Amino acid sequence: MKKVLILLFITQAVFSQNASKIDTGSINGAKYRILFPENWKGKLVMYAHGYEFMGSKPAQSQNPDFPKRMTPFLERGFAVAASDYAFQGLALAQGVDDTEALRQYFVKKYGQPDSTFMTGHSMGGGITLATLENYGQNYNGGFPMCPLAGRIYLQTRKEFDLFATFNGLFPGIATSLHDIFDMSKLKEPISMQAGFRKAVLMKKAIYAKDSLLAVEFAKHFDLKPDDLAFSLVFGEGVLRDIAQKAGGNPYDNTNTVYGRFPNSLLVNQKAERLAATVSQNTLFDKYDRTGIIDKPTLALHTIYDQLIPADMAIVSYENLLQKQGKQQYFSVKYTNGQGHCNFTNEQTGKAFDELRNWVKTGQKAKAGFME
């Protein structure tokens with residue numbers, strides 16, 4: 001679990017020796033950090049970070065470990081500019097706006113780069129795609145990694161359905177959806193560290209109740225059994241965040257028929273059922289995914305991801321691209337990584353090089369497995 005924490009915040013151990021200059025500040029309430037390599041020659045990567053639990057510290061701009069993850073870009077001579085966003089939690093639309101404001105600041109202060117790429121991990125991968133769909137004229141290409149790629153309502157609905165079905169089969173272990181979306185019972189978000197401690201206790205309770213059922217249930221949601229408890233804790237944080245920002249519950253499963261369980265009848269009979277109390281448009285409309293891109297975009301994904309399963313992320317976005325006739329701008333590389341955004345710097349650098357070559361030559365990067 002400790003490894004997952006590191007990946008969620010997209011950090012690693014030591015400061016990169018390739019960063020020779022740092023520009024920090026704040027734009028419209030969003031702190032930012034710009035790293036310059038020693039050999040900077042006018043190239044820029046705009047980077048969008050992933051989901052952060054509300055109240056998580058340190059923020060990206062203050063985190064001394066952040067530059068290590070940016071090494072693949074810095075060592076290739078790219079400056080890296082990254083915004084904290086004006087608020088934490090689900091901040092996809094805010095991330096798009098704050099990243100664009102930072103890009104404009106960069107151009108005004110340092111001049112127009114000779115090439116600009118957009119990239120990010122997790123929710124930041126979703127911000128990457130939304131940026132390309134809405135501000136693509138400012139970029140040469142995009143590099144979404146382990147991205148929240150599909151329509152945001154549908155991808156966060158996964159967390160809702162996970163709770164609805166889990167609480168029916170394992171009552172009393174996870175928080176009830178009724179409590180999560182009860183606006184009179186809103187709670188302060190817990191820290192990621194507290195979340196891990198809670199997951200350890202939940203895991204023991206799940207296995208004690210029915211370990212075989214736990215294995216079957218986890219498989220339905222493309223989870224390894226040991227990751228089920230943490231996925232629930234993470235999902236609770238996301239759903240509480242959504243409840244606060246939307247002012248209620250944007251999901252409705254009163255007519256949902258859940259399938260592909262070993263005993264789907266039992267699951268449907270016992271699942272928690274809630275009607276929506278607010279429109280999904282309240283929170284998810286701005287920069288909702290369209291599939292309208294016109295710049296080379298290379299996605300990188302692990303074969304196993306406990307937070308954003310590869311098929312959910314990639315297939316849903318592919319469907320949008322096919323509807324818009326934009327498949328020629330999208331290619332996907334996958335690794336044997338076993339966890340959310342679990343890439344090596346070497347894999348990141350290699351995939352980024354393939355994207356740059358696509359931009360330079362016009363020859364589309366070949367989709368497929370990456371060592």
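Quick caveat: nothing in here was measured; it's all calculated off a predicted structure.
Side-chain atoms of Tyr153 and Asp285 form no donor-acceptor pair, as typed in the model, at a separation below 3.5 Å. Counting only N and O atoms by type, the side chains of Lys109 and Tyr105 include a donor and acceptor under 3.5 Å apart. Side chains of Tyr47 and His121: a donor-acceptor N/O pair is present below 3.5 angstrom, by distance only. A side-chain donor-acceptor contact under 3.5 Å links Asn268 and Arg273. With no hydrogens or angles considered, a side-chain donor-acceptor pair links Glu236 and Thr175 at under 3.5 Å.
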For the pair Thr277 and Asn249, evaluate side-chain hydrogen bond (donor to acceptor under 3.5 Å, both in side chains) and give the outcome as yes or no after the intermediate values. CA-CA 5 Å; Thr277 60; Asn249 170 31; 5.4 Å; no
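Here the options are Phe352, Phe143, Tyr139, the test is ring-ring contact (aromatic ring centres under 6.0 Å, His included), and the partner is Phe117; only Phe352 passes.
Between Tyr258 and Phe261, the ring planes are perpendicular. Angles over 60° get that label, and only those under 30° would be called parallel. Below 30°, between 30° and 60°, or above 60°: for Phe53 and Tyr51 the angle between ring planes is above 60°, a perpendicular geometry. A perpendicular orientation is assigned to the rings of Tyr317 and Phe330, their planes being inclined by more than 60° (bins at 30° and 60°). In this pair, Phe196 and Phe230 present their aromatic rings parallel. The plane angle is below 30°, not in the 30 to 60° band.
Linking ILVMFWY side-chain heavy atoms closer than 4.5 Å, directly or via other members, places Leu177 and Ile173 in a single hydrophobic cluster.
Figure legend: cation-pi geometry between Lys333 and Phe369 absent, as NZ or CZ is not positioned both under 6.0 Å from the six-membered ring centre and within 45° of its axis. Both tests hold for Lys21 against Phe36: distance to the six-membered ring centre under 6.0 Å, angle to the ring axis within 45°.
Not one N or O on the side chain of Thr297 forms a donor-acceptor pair closer than 3.5 Å with the backbone of Ile293.
Minimum interatomic distance between Ala30 and Ser83 (heavy atoms only, all atoms of both residues): CB-OG, 3.7 Å.
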